[in-house]
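Quick note: numbers below take in every heavy atom, side chains included, and nothing from hydrogens, waters or symmetry partners. Indexing begins at 1, ligand by ligand and atom by atom, following the structure's order.
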Amino acid sequence: MLFKKRGWKSFAVAGALTLALAACGSEDAGTDGGTVDEGAGDDGAAVDSGETYNWQFVTEEVQGQVQYEYAAEFAELINEKSDGQINIDVFEFGQLGSEVDQVEQLQNGIVEFAIVSPGFTGGMVAEGQVFALQFLFPDDQEVTQEILNTSEALNTQLAGMYEAHNIKPLAFFTEGAMQWTGSNQLRTPADFENFKMRTQESPLIMESYRAYGADPSPLSWSELYTSLDRGVVDGQENPIFFIEDASFHEVQDHMTISNHNNYVAMTTVNPDFYNGLPEDIRALIDETVEEMQPRVFEMQAEMNEALLESIENDTANPTEVYELTEEEREAFRELAMPVRDFFRDEVVGDEGREMLELLEEEIAAQQ
Ligand code: 6CS
C-alpha cells in the first residue's frame, strides 16, 4: 500500500487546550460519554481528577485510504488538543464487520464516530441517495467541496433526516471524482448494455446504471476484487485512489475518466453521545471537524493525482486509461437527467423533493 498511516500528515497542531470537561459523569461506554477510565472528581472536573475518555471511530476504508487517514488525524488532533485526556481508537474497514454493521454500531452507541457513505444507508435514509445522482454537482472539485461545506439542504435538511435515525452528520466531504473501470471499454451508453456493474447497496445507484442499460449488482467492496477477477461483475465506479489502493486496476483492462459523480462521505457521530457531552468537548469536536475539511480535501486530491500516475505506470498490470470528451459525457448526462425525476417521484417524499430543489438552487448559485 502506497500511503501509510500518518504519511499525509503535514500540519501542526495548535497548543493543547485546557478543557473543563465538566460533568460528563459516566463510567459507561457508548452513548453517554464514551468510556471514562477514572471517575470524575466531586466537582466533576476531569482535568483535576485525571479523567480520560476512550472513544471509538470506525471507517469504511483501510490504512492509507482517505477515510482511515482522516480518522487517524482527527484522533491525533483531539488527543493533542485535550492534552491526552481523550483517546480515540480508529478501526479499519473489516475490523468491526460490514459497512451496514458499522452503521448499526454507530446508531446503538457501540462506536461514537463513523465515516458513513450514504450509498450504504439508502434503504434507511432514502434522501441520502441524492449523492447517487450523476452529473448533479459541478465538475470543479473545489466548488463541489464548498457546496458540501455550506449547503443548507445537506447540512440542515438532510442532516436532520439522518439524525431521526440516530446518525448525526457533522460534515460532508468528497473523496474525489468517480471513474469507471471495466473488462471492456466504457465510452458510450451502448458499452453498458448488459454490463454487470457493481454498485453499493443504494437503489438509486442501481437505477442510475439501469438508465445506461447496465445490469447493476450490489456488493461490499470486500468482495469486489475477487468478483472482478472472476467475472462475477464486469466493472465498478470509484475514485482513482481507491481503484489503485484496492488493486482493482490489476483485474480490469480499462479505466474511463468519466467524472460522472463525486464520492461523498459523511463524518458522523452518535447523537445521544454527542448531545450528552459538555459544551467545551462538543466545541472541541466541532472545531476539529472544521479543521479537517480542507485537510481531507488536500489529502484526496494528492492521493487521486499520485495514484493515477501509479495506474498509468503499472506495466505489470496494464490498464488502458481513456478520458471521455465533453460530447461523450453529454450522452451519459442526458440519460442521467431522468433519474432525478425518479428520485423525486419514486424515492423520496415532499421533504426530499424540497431538499433536492434547494440543493439545485445552491449548486446553480455557485456556477
Ligand atoms: O466502493 C466502495 O464501496 C468503497 N469506496 C470508497 C471510496 N470508500 C469505501 C467504500 O466502501
Indicate yes or no: does an N/O atom of Q200 lie under 3.5 Å from an N/O atom of ligand 1?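 Among all N and O atoms of Q200, at least one is under 3.5 Å from an N or O of ligand 1.
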Compute the shortest N/O to N/O distance between N238 and ligand 1 and return yes if it is under 3.5 Å, no if not.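 Between N238 and ligand 1, an N or O pair is found under 3.5 Å apart.
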For [atom], the protein heavy atom that lies nearest, with its residue and separation:
atom	answer
atom 3 (O) of ligand 1	R198 NH2, 2.9 Å
atom 10 (C) of ligand 1	Y263 OH, 3.1 Å
atom 11 (O) of ligand 1	W221 CD1, 3.0 Å

Scan D215, N184, V233 and name whichever one has a side-chain contact (heavy atoms from CB on, under 4.5 Å) with F195.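 The residue from D215, N184, V233 that satisfies side-chain contact (heavy atoms from CB on, under 4.5 Å) with F195 turns out to be N184.
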Under the salt bridge (Lys or Arg N to Asp or Glu O under 4.0 Å) criterion, do E328 and R187 qualify, and how do the steps go? CA-CA 7 Å; E328 286 166 331; R187 298 185 185 185; 5.8 Å; no
Answer yes if the ring centres of H254 and W180 are under 6.0 angstrom apart, and no otherwise.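 Between W180 and H254, which both carry aromatic rings, the centre distance is not below 6.0 Å.
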Mind checking whether P239 contacts ligand 1 via backbone (N, CA, C, O), side chain (CB onward), both or neither, at a 4.0 Å heavy-atom cut-off?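 Side chain only.
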Indicate, as side chain, backbone, both or neither, the part of F120 found under 4.0 angstrom from ligand 1 when only non-hydrogen atoms are considered.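 Side chain only; the backbone of F120 stays clear of ligand 1.
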Looking at D229 and Y225, would you say the former's side chain and the latter's main chain have a donor-acceptor pair under 3.5 Å?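 No: the side chain of D229 does not pair with the backbone of Y225.
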State whether the side chain of K81 and the backbone N or O of I86 hold a donor-acceptor pair below 3.5 Å, judged by distance alone.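 Pair absent, no side-chain N/O of K81 close to backbone of I86.
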Distance filter under 4.0 Å to E99 heavy atoms, resulting ligand 1 atoms: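 Numbered from 1, ligand 1 contributes 11 (O).
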Tell me which one of E61, Q236, Q65, Q67 gets a heavy atom nearest to atom 6 (C) of ligand 1.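 Shortest heavy-atom distance from atom 6 (C) of ligand 1: E61.
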Which residues pass the side-chain hydrogen bond (donor to acceptor under 3.5 Å, both in side chains) test with N304, sequence neighbours left out?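 N304 satisfies side-chain hydrogen bond (donor to acceptor under 3.5 Å, both in side chains) with Q300 once adjacent residues are dropped.
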Please answer: with hydrophobic residues joined when any side-chain heavy atoms are less than 4.5 Å apart, are V66 and I311 in the same cluster?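 Yes, one cluster joins them.
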